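For the numbers below, each heavy atom of this structure counts, side chains included, while hydrogens, waters and symmetry mates do not. Chain letters run A, B, ... following the sequence lines, proteins first, then strands; residues in each count from 1. Keep in mind that what you see is a predicted model, and the values were worked out from it rather than measured.
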Amino acid sequence: MRAQFPSGWSRLRISPNNLNLANTLPVGQSFLWHRRILASDTGGCREEFSRAVDDPPRVLFMRQTETDLWYTSLYPANQTRPNDDVDLPWIMDYFQLERHPSLEDLFADWRKRDPKLFGVAEVGSRAQGVRVLRQDPWECLIAFITSTNNHIPRITSLLHRLTHTFGRPVVIDDMDDGTLSYHLFPAAHEFGSELEHQLRNMGFGYRARFLESTLETLRARYGSQPGVIEAGLRDLRAADVGLARDELIQLMGVGRKVADCVLLMSLDKSSIIPIDTHMLAVASRHPSFPHRLRNKAMSAQAYDEVQTFLQDKWGPMGGWCQAVVFAVDLKERPTPEDKSPTGPEVKLEAVPEIDTAAISSIEHKETSTTKVQRKRRIFEGAAVVRHSTQTKRTRNSSTMMFKASTETLVATKVKGEDDMTK
DNA sequence: CGGCGCCCTTGAGT
DNA sequence: AACTCAAGGGCGC
């Protein structure tokens, strides 16, 4: 049972200028956080972020005020709670609070290095407290292969499906919301042999092949025992940038851009600035940007030159500067309320089993019926599943896709708590 | 080697 | 209501 806020929660004194959850978690770095808008303004907190984390499996909750980051975690019934606070070290590492204790010092440095660009870009509240997360390299890699030629809402929904389908469930007993089922990001060994087929049915498109091939390459490289792929990728943190990038680029679906994202966001390469359309536009606005690169298509050569230009400008923490500029540049993110079903009769009570085979067959035949839209919403809403005695249902054992999922599945969709990004 | 067509899907914009 | 078109690319010719 979750502790009442704020008693029973732990507190970390930190200014939103040094870490701002709302500006950091939902801006296209990580896609698996859940954001919930709190009903009442609880001690200055208007929202709560949560996700399942491992070692040991639990669900971590965070809220933020003007002075503090509050956190607590909930363990599944069969899981004994450790004596030490494992959440604080996790938070310190994930947000890189020890490694880079003062974001404001970095801002000052960037402002000095590049008053023309950064001085303009960082105005406004959306630049406040944006940090580069130190993510798990395996999760980061899968996420950014999925991200190619795709936008954030869809990346988010695909990765939630992936997690829900293959990841171990973490079922907790929440106070307000009854039983909630979160899922850990799936380990490499939890993917089966039919991966490409399954992923295609889940909507990954041509990326399905990339992901299966990448997994195959990683198994050949590191082995297939549980944990070795994750560990092998994590070891690249100690490797030289160029070497780590070469290892990544060998993987199908990983080009320069995706490799750079993984390097920056999970492998401690803080100077790397991934170049996308946003960063090209930002660089192009700069007075001293080379004229011949202005309206050129992005070739490998151009990528290198734009990257070098910005990295020279922004220095050894250039990747972090990119994160700030990117977050500011990102177009207005709707609040979770906006994601609530739009159709008139999509109340989503007592939802039937999720059958991906049925979904994909519908997708291929008829493209835009309300039925498809309805199914899809249900599917996406299942990232966090509420169990309740009235609406509990048993899953149909014939649905292959959800073998690895929870025993009981889906009841009511909870408005606004399933998805943080959109 | 550099340029260019193609790839899945869908939300957002007309 | 249909229809187009990017969306934080990458691959293969």
Side-chain angles (χ1 to χ4, degrees), chain A residues 26-31 130 132 140-162 196-214 217 245 248-265 272-283 292-293 295-307 310 319 322-334 338-339 341-343 356 359-360 362-370 372-377 379-380 419 421-422:
Chain A
V27 294
Q29 289 194 58
S30 176
F31 303 90
V130 179
V132 170
C140 193
L141 174 65
I142 300 307
F144 281 94
I145 291 176
T146 303
S147 81
T148 59
N149 203 9
N150 229 339
H151 35 219
I152 291 175
R154 208 169 92 81
I155 300 164
T156 302
S157 99
L158 287 172
L159 290 171
H160 275 277
R161 284 181 213 172
L162 183 84
E196 181 184 349
H197 179 70
Q198 286 178 292
L199 293 177
R200 271 192 185 270
N201 284 344
M202 291 165 67
F204 279 73
Y206 60 87
R207 302 164 200 85
R209 190 167 58 86
F210 293 171
L211 289 166
E212 180 169 277
S213 166
T214 284
T217 305
R245 182 186 281 138
L248 292 171
I249 283 186
Q250 284 170 22
L251 304 169
M252 170 108 49
V254 181
R256 189 51 197 271
K257 163 65 173 40
V258 170
D260 283 349
C261 286
V262 176
L263 289 173
L264 172 65
M265 299 177 201
I272 299 298
I273 301 173
I275 304 301
D276 51 44
T277 52
H278 290 266
M279 281 307 116
L280 180 60
V282 167
R292 64 197 160 73
L293 293 174
N295 292 319
K296 224 177 144 192
M298 185 66 72
S299 65
Q301 180 69 18
Y303 185 103
D304 262 338
E305 291 190 53
V306 175
Q307 183 172 55
L310 288 177
Q322 174 270 353
V324 174
V325 174
F326 186 90
V328 171
D329 209 47
L330 209 55
K331 70 173 199 248
E332 211 57 44
R333 345 181 250 279
D338 294 336
K339 208 201 169 182
T342 48
T356 42
I359 291 175
S360 66
I362 291 170
E363 268 174 11
H364 291 308
K365 282 160 196 163
E366 32 182 35
T367 40
S368 74
T369 63
T370 50
V372 174
Q373 290 168 2
R374 193 192 149 130
K375 277 252 184 190
R376 197 172 295 286
R377 275 193 214 93
F379 196 33
E380 287 166 17
D419 202 324
T421 308
K422 172 67 197 297

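The distance between atom NE2 of A/H278 and atom P of C/dG9, rounded to the nearest whole Å, is 8 Å. Regarding A/H151, its NE2 atom lies at a distance of 10 Å from the C1' atom of C/dC5, rounded to whole Å. Straight-line distance from the CZ atom of A/F144 to the P atom of C/dG9: 11 Å, rounded to whole Å. In this structure, A/N150 places its CG atom 11 Å from C1' of C/dA6, rounding to the nearest Å. If you measure from atom CG of A/L264 to atom C1' of C/dG8, you get 13 Å, rounded to the nearest angstrom. When the C1' atom of C/dG9 is taken as reference, atom CG of A/N149 falls 6 Å away, rounded to whole Å. Straight-line distance from the CG atom of A/L159 to the P atom of C/dA7: 19 Å, rounded to whole Å. Whole-Å rounding puts the A/M202 CE to B/dT10 C1' distance at 16 Å.
Residues passing the side chain to side chain donor-acceptor pair (under 3.5 Å) test with A/N150 are A/R154, sequence neighbours excluded. A search for side-chain contact (heavy atoms from CB on, under 4.5 Å) contacts involving A/A259 returns A/R245, A/L248, A/I249, A/V254, not counting sequence neighbours. In this structure, the side-chain contact (heavy atoms from CB on, under 4.5 Å) partners of A/E305, at least two apart in sequence or on a different chain, are A/R292, A/L293, A/Q301. Residues passing the side-chain contact (heavy atoms from CB on, under 4.5 Å) test with A/T277, sequence neighbours excluded: none.
Rounded to the nearest Å, the gap between the P atom of B/dC8 and that of C/dC13 is 15 Å. For the C1' atoms, the distance linking C/dG12 with B/dG2 amounts to 13 Å, nearest Å. Taking atom P on both B/dG3 and C/dG8, the two are 24 Å apart, rounded to the nearest angstrom. Nucleotides C/dC5 and B/dC7 place their C1' atoms 15 Å apart, quoted to the nearest Å.
Between A/P274 and the options A/L264, A/V262, A/L263, A/V258, a side chain to side chain contact (heavy atoms under 4.5 Å, CB included) holds for only A/L264.
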* Decide side chain to side chain contact (heavy atoms under 4.5 Å, CB included) for A/Q307 and A/I272; before the verdict, give the C-alpha distance in whole Å, the side-chain angles of both, and the deciding distance to 0.1 Å. => CA-CA 8 Å; A/Q307 183 172 55; A/I272 299 298; 3.8 Å; yes
* **Evaluation steps, side chain to side chain contact (heavy atoms under 4.5 Å, CB included), between A/F204 and A/L162** => CA-CA 10 Å; A/F204 279 73; A/L162 183 84; 4.0 Å; yes
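Note on A/R207: every side-chain N or O is 4.0 Å or more away from OP1 and OP2 of B/dC7.
Side-chain contact between A/Q29 and A/V132 is present, with heavy atoms from C-beta onward closer than 4.5 Å. Looking at heavy atoms from C-beta onward, A/D276 lies in side-chain contact with A/K257 at the 4.5 angstrom threshold.
Secondary structure note: stems in DNA chain C built from 3 or more consecutive Watson-Crick or G-U wobble pairs under 3.5 Å occupy B:3-7 with C:9-13, B:9-14 with C:2-7.
The base of C/dG9 is not paired with the side chain of A/Y303 by any donor and acceptor separated by under 3.5 Å.
Across all their heavy atoms, A/T214 and A/M252 have their closest contact at OG1-O, 2.7 Å.
Looking at heavy-atom distances under 4.0 Å, A/S299 makes contact with sugar-phosphate atoms alone, never a base.
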Give me, pair by pair, the N or O atoms of the protein and of nucleotides 10-13 of chain C that are less than 3.5 Å apart, along with how far apart they are.
from   : atom 1 : to     : atom 2 : distance (Å)
C/dG10 : OP1    : A/G255 : N      : 2.9
C/dG10 : OP1    : A/V258 : N      : 2.9
C/dG10 : OP2    : A/K257 : N      : 3.4
C/dC11 : OP1    : A/G253 : N      : 2.9

